[in-house]
**Q** 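My questions will all concern the structure given below.
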Amino acid sequence: MTSVTSPIAGRAIGLAAVPDPVFSGAMVGPGTAIDPVREPSEAVSPAHGVIVSLHPHAFVVVDDQGHGVLTHLGIDTVQLNGEGFELLVNKGDTVTRGQAIVRWNPSAVEAAGKSAICPVVALEATADALGELREDGDVKAGDVLFSWQ
């Protein structure tokens with residue numbers, strides 16, 4: 001079983017509250033979402049593993065069980081072309097849970113007209129494979145968001 005932890009501090013809101021039908025409809029996979037604290041911060045790895053996909057606004061970590069976890073920093077933030085995001089690791093790097101991956105500022109994302117909501121998604125999973133799913137309440141980076149069988 002894999003524990004997936006929050007990559008950022010904020011408030012858990014669940015995927016259904018994400019202002020994007022691809023995420024809110026769990027088309028990418030099940031999981032939850034975080035409404036981040038509005039201050040510059042570092043998004044950290046939600047699991048031990050390898051960075052298999054890395055963009056300024058999103059990254060995927062695959063753990064030793066082959067579970068891929070997508071962290072998406074904001075909605076439609078790909079349109080910012082990396083502005084306001086600083087990559088702190090490289091694709092292919094092995095990372096540990098809690099290791100800083102991207103430095104960003106949720107307030108700047110909102111100032112650019114985008115939502116700062118951050119989906120955290122279990123890729124290629126079924127909803128019944130997840131347990132202990134956090135969909136409300138305050139979370140700190142490193143708090144468990146869900147377990148994955």
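Count residues from 1 along the sequence. In this text the structure is predicted, and so the values were computed from the model without any measurement.
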**Q** List in chain and number order the residues that pass salt bridge (Lys or Arg N to Asp or Glu O under 4.0 Å) with E86, two or more places apart in sequence or in another chain; answer none if no residue qualifies.
**A**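 Salt bridge (Lys or Arg N to Asp or Glu O under 4.0 Å) list for E86, sorted by chain: R103.
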**Q** Is the shortest heavy-atom distance from the side chain of T71 to the side chain of P46 under 4.5 Å?
**A** yes
**Q** Got a second to check how far R134's CZ is from S6's OG, nearest 0.5 Å?
**A**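 Atom-to-atom, R134:CZ and S6:OG are 8.5 Å apart.
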**Q** Going from NE2 on H55 to CG on N81, what distance comes out if it is rounded to the nearest 0.5 angstrom?
**A**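 If I round to the nearest 0.5 Å, the distance is 12.5 Å.
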**Q** Compare every heavy atom of C118 with every heavy atom of I8, then report the nearest pair and how far apart it is.
**A**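 The answer is CD1-SG, 3.5 Å.
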**Q** I'd like to check the side-chain hydrogen bond (donor to acceptor under 3.5 Å, both in side chains) partners of E132; sequence neighbours left out, ordered by chain and number.
**A**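 Once residues adjacent in sequence are excluded, the partners of E132 under the side-chain hydrogen bond (donor to acceptor under 3.5 Å, both in side chains) criterion are S147.
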**Q** Determine, using the 4.5 Å side-chain heavy-atom cutoff (strictly less than), whether L123 and I75 are members of one ILVMFWY cluster.
**A**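 Same hydrophobic cluster.
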**Q** Could you list all the ring-ring contact (aromatic ring centres under 6.0 Å, His included) pairs where at least one residue sits in residues 74-112, not counting sequence neighbours?
**A** none
**Q** Can you name the closest pair of heavy atoms from A125 and P30 and give their distance?
**A**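 Distance-wise, the nearest heavy atoms are O-CD, 3.3 Å.
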**Q** How close do S45 and T5 get, heavy atom to heavy atom, and via which atoms?
**A** O-OG1, 4.2 Å
**Q** Go through the structure and list residues passing side-chain hydrogen bond (donor to acceptor under 3.5 Å, both in side chains) with S24, not counting sequence neighbours.
**A**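 By the side-chain hydrogen bond (donor to acceptor under 3.5 Å, both in side chains) rule, S24 matches no residue at all.
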**Q** What heavy-atom pair brings V89 and L54 nearest, and what distance separates the two atoms?
**A** O-CD2, 3.2 Å
**Q** Without swapping roles, check the side chain of Q99 against the backbone of T96 for a donor-acceptor pair under 3.5 Å.
**A**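 Pair found, side chain donor or acceptor close to backbone of T96.
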**Q** Show the numbers, then the answer: is there a side chain to side chain contact (heavy atoms under 4.5 Å, CB included) between I34 and L145?
**A** CA-CA 10 Å; I34 308 297; L145 293 180; 3.7 Å; yes
**Q** Are V52 and V95 connected in a single hydrophobic cluster, I mean Ile/Leu/Val/Met/Phe/Trp/Tyr linked by side-chain heavy atoms less than 4.5 Å apart?
**A** no
**Q** Which pair of heavy atoms, one from A141 and one from V44, lies closest together, and at what distance?
**A**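 A141 and V44 have their closest heavy atoms at CB-CG2, 4.2 Å.
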**Q** Just so I know, are the side chains of I117 and P19 near enough to count as touching, which here means a heavy-atom distance under 4.5 Å?
**A** yes
**Q** Any side-chain heavy-atom pair from P119 and L15 closer than 4.5 angstrom?
**A** yes
**Q** Quick check: do T32 and L130 have side-chain heavy atoms less than 4.5 Å from each other?
**A**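 Sidechains of L130 and T32: no contact.
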**Q** Go through the structure and list residues passing salt bridge (Lys or Arg N to Asp or Glu O under 4.0 Å) with R11, not counting sequence neighbours.
**A** D35
**Q** Quick check on the hydrophobic clustering: are I13 and L133 connected, directly or via other members, by side-chain heavy-atom contacts under 4.5 Å?
**A**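 Shared cluster, no.
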**Q** Can you give me the closest heavy-atom contact between L88 and A100, atom names plus distance?
**A** CD1-CB, 3.7 Å
**Q** How long is the span from the OG atom in S3 to the CH2 atom in W148, to the nearest 0.5 Å?
**A** 12.5 Å
**Q** Quick one: list whatever passes side-chain hydrogen bond (donor to acceptor under 3.5 Å, both in side chains) with T126, sequence neighbours left out.
**A** D128
**Q** Under the salt bridge (Lys or Arg N to Asp or Glu O under 4.0 Å) definition, can you give me all pairs with a residue in residues 105-115, not counting sequence neighbours?
**A**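 Those involving residues 105-115 are R38-E110.
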**Q** Should side-chain heavy atoms under 4.5 Å link Ile, Leu, Val, Met, Phe, Trp and Tyr, which residues sit in the same cluster as M1?
**A** none
**Q** Quick one: which residue pairs count as a ring-ring contact (aromatic ring centres under 6.0 Å, His included) with a foot in residues 3-44, not counting sequence neighbours?
**A**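 Output for this query lists F23-H72.
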**Q** Run through the side-chain heavy atoms of Ile, Leu, Val, Met, Phe, Trp and Tyr, join any pair under 4.5 Å, and report what else lands in V144's cluster.
**A** none
**Q** Would you give me the side-chain donor-acceptor pairs under 3.5 Å for residues 61-69, sequence neighbours excluded?
**A**
residue, atom, partner, partner atom, Å
D63, OD1, Q65, N, 2.9
D63, OD1, G66, N, 3.1
D63, OD1, H67, N, 2.9
D63, OD2, T2, OG1, 2.6
H67, ND1, T2, OG1, 3.0

**Q** Quick check on the hydrophobic clustering: are V4 and I51 connected, directly or via other members, by side-chain heavy-atom contacts under 4.5 Å?
**A** yes
**Q** Could you check whether atom CG of D143 has more than 12 heavy atoms from other residues, nucleotides or ligands sitting under 6.0 Å from it?
**A**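 Above 12, so yes.
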**Q** With ILVMFWY side chains joined below 4.5 Å, transitively, what does V37's cluster contain besides itself?
**A** none
**Q** Count I, L, V, M, F, W, Y as connected when their side-chain heavy atoms are under 4.5 Å apart, and connections chain through other members. Are L80 and V18 then in the same cluster?
**A** no
